[in-house]
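In what follows, a single structure is set out as structure tokens and then discussed.
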Amino acid sequence: MKLKDYQQKIIKFDVNGPLADLQQVNFAFLDKVLGLAGESGEVADKVKKIIRDQDGVIREADKTALEKELGDVLWHVATCARYLGLDLEQVAQVNLNKLESRQLRGKIAGSGDER
Ligand SMILES: [Mg+2]
């Protein structure tokens, strides 16, 4: 499935409707941004428990649970992008371009958005 198709298919699950290309932060957008942070936290929490309770051993059930949470993260990323009028495929391409540029310049490691 293409990211563009995914981004389009999930609109029907957004209780706030087919919002797009917002010019101002509204409750729906804030809801999705906070949801993204929450779902990312769920991923982190599951990994924490794998370390705490299973000595870091990742079981098949853990992979299944993490797959679902990563999907939740993806849903929120795709919806936030739509609200901003951004195509998810373009978001992915811009990220890939940034990483390739950093790799070419030997800047993969380190910190800072503009390196
Ligand atoms: Mg979740």
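Indexing begins at 1, ligand by ligand and atom by atom, following the structure's order.
Using a 4.5 Å heavy-atom threshold, the side chains of V94 and L86 count as separate. Residues D21 and L84 form no side-chain contact, since every pair of their non-hydrogen atoms from C-beta on lies 4.5 Å or further apart. For the pair D62/V57, no side-chain contact is recorded, criterion being any heavy-atom separation below 4.5 Å from C-beta on.
Within E39, the N, O or S atom lying nearest to the Mg ion (ligand 1) carries the name OE1. Per residue E69, closest N, O or S atom to the Mg ion (ligand 1): atom name OE1. Within E42, the N/O/S atom positioned nearest the Mg ion (ligand 1) carries the name OE1. Looking only at its N/O/S atoms, D72 has OD2 as the one nearest to the Mg ion (ligand 1).
Remark: the D14 side chain and the Y83 side chain contain an N/O donor-acceptor pair separated by less than 3.5 Å.
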